[in-house]
Novice: 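Handing you a structure now.
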Protein chains: 2
Amino acid sequence: MTSRADASDMPHDGETKTPDRLRRRASRLLSGLTAQSDRLVNEGLAEVDARKWHYAVLASLQEHGPGSQATLSRRTGIYRSDMVGVLNELAERDLIERTPDPDDRRRNVITITTRGRQRLRRLDQVLDDLHDELLAPLAPAERDQFVQLLTRLLDHHRHTPEPHG
Amino acid sequence: MTSRADASDMPHDGETKTPDRLRRRASRLLSGLTAQSDRLVNEGLAEVDARKWHYAVLASLQEHGPGSQATLSRRTGIYRSDMVGVLNELAERDLIERTPDPDDRRRNVITITTRGRQRLRRLDQVLDDLHDELLAPLAPAERDQFVQLLTRLLDHHRHTPEPHG
DNA sequence: CTACATCGTTAGTAGGACTAACGCAACAGG
DNA sequence: CCTGTTGCGTTAGTCCTACTAACGATGTAG
């Protein structure tokens, strides 16, 4: 409907090598898909009054044990300036406990509570469902492969931030 | 170094099924990798005084021909409210031309200039290099597979935004 | 004691996605 | 012909997230 508008100079590119580069650029595909994924996850978690950082912190505590805020920062990838707020939200909901570390009075030791563990189980269910939706078009083997490729790429770029002058 | 801190309650999860869920969640891998990818691409393009939206518009013009701003919006995924600024930047650099459409005086017809085509070739080179860096750890066949998986996922979620009441 | 690093915290920046509303033009129906 | 609806380009502004800067308090090394 939107009228005809073009058809005057078509894909007469001049360089025949790239058919539709826009749609094939991995960086574009990545940010597009991540936008969808983030939306999906954020909305799904919002429905149970949670955010993805909540999950990250709780899971990290469950799997690697208690730690200082700075430790959690490194484990989860949350900036330590943002960690404050996340931990406040979690503490309000009695999912974690913040206690001063007697061995190093700069530190707080963060511990997951029993309610926190319950909460984590719930969030894991929610996320399982959301990931089922996210990866719906892929067969199980493809999902594994996808995760594996992502992991390799991410590991590479984590350890190789930049040559940088 | 960072002290010992934990070792008191270890990964005694209670649900043996998920070893390290945090690191395996596709949504987390995606946003992590996209963050790196965006950084890489933004910095790379900034070095040649460009932004990723510039590329998107120029490539769209080259491949699908001229179009109104709204058309370009749909083709590139840029919101039409943001398109204004992008086109201003491109016009300042003489990479596109904005001419009123005589057939529909609400519209501007956007055309790529000769300098724009040169520019696009340059940006394509830059992006090729950046993608080489981005996908460095993957073999050629794996890169194709990765792009293919991403495409399938993205297509799925583009056409299935949400069931939504 | 001095110099420096790390901790938790507050504040603020920059960018991107997205919404709301405007004036204008086109179009469809009565 | 008026009338309401729709699409257009544009401006303004919101919300969120990643990220930086700096602070006082504390720890550590020389």
Side-chain angles (χ1 to χ4, degrees), chain A residues 1-5 27-28 30-43 45-46 51-54 56-57 66-91 96 98-110 161-162, chain B residues 1-3 5 27-28 30-43 45-46 50-54 56-57 67-91 96 98-110 161:
Chain A
M1 280 63 187
T2 39
S3 90
R4 47 282 177 276
S27 59
R28 272 182 67 89
L30 269 175
S31 43
L33 183 57
T34 299
Q36 300 283 0
S37 162
D38 281 353
R39 227 189 317 265
L40 194 71
V41 168
N42 286 336
E43 286 173 6
L45 288 179
R51 318 245 210 104
K52 60 178 171 177
W53 293 134
H54 295 186
V57 168
S68 70
Q69 302 190 184
T71 305
L72 287 177
S73 246
R74 294 181 215 106
R75 299 209 291 227
T76 57
I78 307 174
Y79 272 69
R80 73 188 206 285
S81 26
D82 301 327
M83 181 60 76
V84 188
V86 175
L87 292 181
N88 285 342
E89 293 176 356
L90 289 173
I96 58 130
R98 224 194 301 227
T99 52
D101 184 342
D103 294 357
D104 183 342
R105 298 199 329 263
R106 292 170 303 178
R107 289 182 177 144
N108 292 331
V109 176
I110 312 299
E162 46 182 336
Chain B
M1 282 76 188
T2 40
S3 90
S27 59
R28 271 184 67 89
L30 269 174
S31 43
L33 183 56
T34 298
Q36 301 281 2
S37 163
D38 282 353
R39 227 188 318 266
L40 194 71
V41 169
N42 287 334
E43 286 173 5
L45 288 179
R51 317 245 213 100
K52 59 179 170 176
W53 293 132
H54 295 186
V57 168
S68 71
Q69 301 190 184
T71 304
L72 287 177
S73 243
R74 294 182 214 104
R75 298 209 292 227
T76 56
I78 308 175
Y79 273 70
R80 77 187 202 285
S81 24
D82 301 327
M83 181 60 77
V84 188
V86 175
L87 292 182
N88 285 342
E89 294 176 355
L90 290 173
I96 58 134
R98 221 192 307 223
T99 52
D101 184 343
D103 294 357
D104 183 342
R105 298 196 334 258
R106 293 171 304 179
R107 286 181 179 146
N108 293 331
V109 177
I110 313 300

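Values below: every heavy atom of this structure, side chains too, minus hydrogens, waters and symmetry copies. So you know, we letter chains A, B, ... as the sequences are listed, proteins then strands, and number each from 1.
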Novice: Can you check whether V57(A) reaches M83(A) side chain to side chain, under 4.5 Å on heavy atoms?
Specialist: yes
Novice: Check whether any side-chain nitrogen or oxygen of R107(B) sits under 4.0 Å from OP1 or OP2 of dT6(D), and answer yes or no.
Specialist: no
Novice: Report yes or no: does D82(B) contribute a side-chain atom to a donor-acceptor pair with the main-chain N or O of I78(B) at less than 3.5 Å?
Specialist: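 Checking the backbone N and O of I78(B) against the side chain of D82(B), no donor-acceptor pair under 3.5 Å is found.
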Novice: Can you measure E43(B) atom CD to dG15(C) atom C1' for me and round it to whole angstrom units?
Specialist: 14 Å
Novice: To the nearest angstrom, how far is N108(B) atom CG from dG7(D) atom C1'?
Specialist: 13 Å
Novice: Determine the minimum heavy-atom distance between N108(B) and Q69(B), stating which atoms define it.
Specialist: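 Of all heavy-atom pairs spanning N108(B) and Q69(B), the closest is ND2-OE1, 3.2 Å.
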Novice: Give a yes or no answer on whether the side chain of S37(A) reaches the backbone of L33(A) with a donor-acceptor pair at less than 3.5 Å.
Specialist: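 Not at all, since once roles are kept as given, no pair shorter than 3.5 Å links the two residues.
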Novice: Between atom CG in D38(B) and atom C1' in dA14(C), what is the gap in whole Å?
Specialist: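 Atom-to-atom, D38(B) to dA14(C), this comes out as 14 Å.
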Novice: Without decimals, in angstroms, what is the distance between N88(B) CG and dG9(D) P?
Specialist: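 Taking CG of N88(B) and P of dG9(D), I get 13 Å after rounding.
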Novice: Output the rounded distance in Å from CD1 (I78(A)) to P (dT17(D)).
Specialist: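 Distance, rounded to whole Å: 11 Å.
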Novice: Under 4.0 Å between a side-chain N or O of Q69(B) and OP1 or OP2 of dC8(D)?
Specialist: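 Answer no for this pair, as no side-chain N or O of Q69(B) is under 4.0 Å from OP1 or OP2.
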Novice: Within this structure, what is the CZ-OG1 distance for the pair R107(A) and T71(A), rounded to the nearest 0.5 Å?
Specialist: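 With rounding to 0.5 Å, CZ (R107(A)) is 6.0 Å from OG1 (T71(A)).
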Novice: List the atom of L45(A), the atom of R51(A), and the distance in Å for their closest heavy-atom pair.
Specialist: CD1-C, 3.6 Å
Novice: Rounding to a whole Å, what distance do you find between N42(B):CG and dA18(D):P?
Specialist: 14 Å
Novice: Tell me the interatomic distance from L72(A), atom CG, to dC7(C), atom P, rounded to whole angstroms.
Specialist: 12 Å
Novice: Determine: side-chain N/O of R74(B) to OP1/OP2 of dG7(D), distance under 4.0 Å, yes or no.
Specialist: no
Novice: Measure the distance from CE on M83(A) to C1' on dT9(C) and round it to the nearest whole Å.
Specialist: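 M83(A) atom CE is separated from dT9(C) atom C1' by 13 Å.
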Novice: Taking all non-hydrogen atoms of both residues into account, name the closest pair between V84(A) and R98(A) and its distance.
Specialist: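 Shortest heavy-atom contact: O-NH2, 4.1 Å.
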Novice: Using a 4.0 Å cut-off on protein heavy atoms (strictly under), produce a 5'-to-3' string for nucleotides 17-26 of chain C with B for base contact, S for backbone-only sugar-phosphate contact, and - for none.
Specialist: SBB-B---BS
